[in-house]
Every structure is written in C-alpha cells, then in structure tokens.
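Keep in mind it's a predicted model, so treat the numbers as computed, not measured. Letters A, B, ... are given to chains in the order of the sequence lines, protein chains preceding strands, and every chain is numbered from 1.
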Protein chains: 2
Amino acid sequence: MSARDRLVTVGTELLEEHGLAGISLRSIASAAGVSHGAPRRHFPTYDALLAAIARRALEELDERVAPALAADDLRAAAAAYLDFARRRPELFALIARHDLLEGAGGNLREITGRWFADLGAALARTTRRTPAPEEVLALWSGVHGLAALTSRRATEPTGIDPDRALVVLLDKHSTPAPRSRGAAKSW
Amino acid sequence: MSARDRLVTVGTELLEEHGLAGISLRSIASAAGVSHGAPRRHFPTYDALLAAIARRALEELDERVAPALAADDLRAAAAAYLDFARRRPELFALIARHDLLEGAGGNLREITGRWFADLGAALARTTRRTPAPEEVLALWSGVHGLAALTSRRATEPTGIDPDRALVVLLDKHSTPAPRSRGAAKSW
DNA sequence: CTCCTGCGTAGACACTGTCTACTTCCAGTC
DNA sequence: GACTGGAAGTAGACAGTGTCTACGCAGGAG
C-alpha cells in the first residue's frame, strides 16, 4: 500500500472518529507514521487530501448506487444513498462541502452527474414515459434532502422513520402525475 | 447599536463577501474596529459568534417563510426558502453547518421545528386531508434538497430552472396520492 | 473615597497549513 | 562498480488562528 493510499485510509478513519473539526493535516500525518511535511509530496494542499478522501468515499457509495440504477431499482439506489448518509455522517458531510473540495481536485461531479443521468433513464423505464428534467431534479432533490436531514439527525425529534419517508417520496415521484384537482389550484 | 450587534452585522457582511474559509474571528473584530480579544466579552467562542450570525440570518428568512405558511401559501414559502439559498449561499451554508452550530447556542431548531409543524398544518388545509408525518417530511426534504443543490450551483450544468423543479415538486406532494398502478409495484 | 463590575487592550500560548533547506534512498546510465 | 538525478521524507521556520490571562479604564453603588 502506497504512502498516498495510507494517508487517505488513515484520514478517513480519523475523520469518521473525530469529525472534520477534530482532525488536521498533522494529526493524519502522525497517525500514518510520517512527518507533517510528508503529505505535501502527494497532495499540494490539505484540501486536496480531503478531496481525495471524499473522492474515495463517493466511489464506495457509487459501487452500491450505480448497479441499482442500472437495474432500474430506484428504491435500492435511494436506500443505499440514505444509508450512507446515516451511517457515515462525517464522510457524507465532507462530500457535501463543495466550498472545500471545489478547485481541490476530486472531480466529484463526474460521479454525481452520471447518477443524475442514470436516474432519469431509470425513471423513464419504470414509469414508461419520458420524465421532464424538472421531474428528475425534483426526485433527486427529495432523496438528497432526506439524506442530508437524516445524516445530521434533524429528523429524530419528529420521530419519523426516514425509510418510510423515502417510500412515500419514491411513490409520489415514480408514478404518473395525477390530474390536477381541487386543492392543487389553491396556491 | 451595541458592540455585540455590530460584530454580528460586520461578520455577516464579511461572510457573504469572502466565505466562511476567508474570514476569522480576528478579521471580524478588526473590521468592527475592536481588538481581537473584544469579541470574547460577548461570545464565549468563535463558533458562538458564527451561531449568532446564523441565528440572525435564519430569523430574516423566517420573516418571509412563516407568514406564507400561516396563509397556506406553500408555493410562496418554498420560493422564499429557495430564493434565500440562491441569493445568500454563504449564509445558507452556514445555517446548514450543524457541526459548527450544535452546542454553540443559536437554537436554530426552534425555528425550523416550527416550520415543520406549520408545514404539516398548511399541507393538511390545502389537500383537505391529514397528511402522514412521512409525507410532510418527504415534502420538506424535497424543498430543502432543491435549495441545497441550487445554493451550491449543482443544478447549473443540467440547465434546469430550479423554480420549475419547485413547481413540479409542490405539485407532486400537495395533491392527493394517486392509486398505485402499473409501474409502482415494479420496485 | 472605595469598591466592583462591564468592556476593551495587549501579549502570550499552542496549534494550524505552508514553505524551504537538507538528507536518504534507489533505479538508470556510463 | 561508480555516478547521477529525481522522488520521498525530515526538521525547522513562518504567519496566521482561537483561546487564555493580566492589565487598564471608565462609571455607578455603597
């Protein structure tokens, strides 16, 4: 295992244990058994190391999401996403920290962009019609938003089971839109 | 204007201009015309100052969201939320940084919790039925997720207008659920 | 007048990420 | 085998960070 890989591995472990605010370039280097100057040979900047950690985490998630989307299994894909957010909140939060990762490599949009395209294709096949791009974005927003809220335990005070909310969400988006009636025009 | 208020005001301006990574306790103090030790008299910690900034921003947003919810105008409430995320991305990101704000005062859940309750009530009135808690969470997730994605310009490469996605989203959630048919049972 | 509390200053402290020599090691070439 | 060059790691310095402590200074209460 290369020193570069070990930095990413050790960094991931420390991040999950202590949170982003509880770690530093120096603590990762020290836990990896090298001096504080060593990471510079592999990453131009601390943010670049964090981007590499985020990139690897996203690839792990992709290994579960991509096959589900390819199999038109929206429920499994969304459940994998939600599960990752709940079980590895620090990594999920890091991936969402675009302010840190933008311009620091990582190239996360390559993966999430593909998800978006595959989601549209899967939605088209399950509903047997071509969804408008806005419909795909609306569904994606719901899954991502639910994962974000769940990840930071914002849903706990309500006592709602996120998995049940996910079922509701998928049901509303992956079936044909109902004809507008009654209440719809009230706003 | 008290020194405490000025720190929050100046901090908000600096945050919106330079981003969270581009400011510091010392830069805020200096811009407010006091020494770097002065903020300590009003905030026990830098995170507490950031929490006060987040709190004030959330109160401003609440001034637009709460009346819309009270008037059962889901569209206006969601549009205000989306607008805030798009126009003040640094503030929106700070509010979402629960890792920073948790335990540093601010008490943001008091506001967002009320939103959630009011959203459920408004949804009940517009749909003329009692929504399951999971349905309220699903709608809330969609609005929040869309705002989060829009705020960090993640939707731009798709060319989709977030406002149109919001309309789709509200339409799917604020009308009675359709009877399951066809594709729905395929997953 | 004497406290004393609220607010601000100035300096120190440990820690951070980055930068700059200086060493070490090892594959490739003559 | 000796030499060289580049990659990788070390150690120290540097400016900047948040926090802590000692001190100053006003102004009201007793």
Find every protein N or O atom lying less than 3.5 Å from an N or O atom of nucleotides 21-27 of chain C, and list the pairs.
none

> Are A/L74 and B/V168 linked, directly or through other ILVMFWY residues, by side chains that come within less than 4.5 angstrom of each other?
Replying inline: no
>> Check B/E102 with A/R153, please: is the shortest side-chain N to carboxylate O separation under 4.0 Å?
In response: no
> Should the ring pair B/F92 and B/Y81 be called parallel, tilted or perpendicular, given that the plane angle runs from 0 to 90° and is split at 30 and 60?
Replying inline: perpendicular
> What are the bounds, 5' to 3', of the part of DNA chain D that sits under 4.0 Å from heavy atoms of chain B?
Replying inline: D/dT17 to D/dA22
> With the 4.5 Å side-chain cut-off for hydrophobic clustering, are A/L146 and B/V143 part of the same group?
Replying inline: yes
> Counting distance only, does the side-chain N/O of B/H173 pair as donor-acceptor with the main-chain N or O of B/L169 below 3.5 Å?
Replying inline: yes
Show me the protein contacts with nucleotides 3-5 of chain C, counting only N or O atoms at under 3.5 Å.
none

>> Tell me whether A/R75 contacts the main-chain N or O of A/V167 through its side chain, where contact means a donor paired with an acceptor under 3.5 Å.
In response: no
> Looking only at atom types and distance, does a side-chain atom of A/S27 sit under 3.5 Å from a main-chain N or O of A/I23, one as donor and one as acceptor?
Replying inline: no
>> Does any part of the side chain of B/T45, heavy atoms only, come nearer than 4.5 Å to the side chain of B/L25, both counted from C-beta?
In response: no
>> Expected output is a numbered-order residue list: members of residues 11-36 of chain A with a heavy atom under 4.0 Å from any atom of DNA chain C. What is it?
In response: A/S24, A/L25, A/R26, A/H36
> Which pairs with one or both residues in residues 8-32 of chain A pass salt bridge (charged side-chain N to carboxylate O under 4.0 Å, His left out), sequence neighbours excluded?
Replying inline: A/E16-A/R88
>> Using whole Å, what does the distance between atom C1' of nucleotide C/dG6 and atom CZ of B/R4 come to?
In response: 15 Å
> Which pair of heavy atoms, one from A/D72 and one from A/T126, lies closest together, and at what distance?
Replying inline: O-CG2, 3.6 Å
> What residues, two or more places apart in sequence or in another chain, satisfy salt bridge (Lys or Arg N to Asp or Glu O under 4.0 Å) together with A/R97?
Replying inline: A/D99
>> Salt bridge or not between A/E59 and A/R55? Use side-chain N to carboxylate O under 4.0 Å.
In response: yes
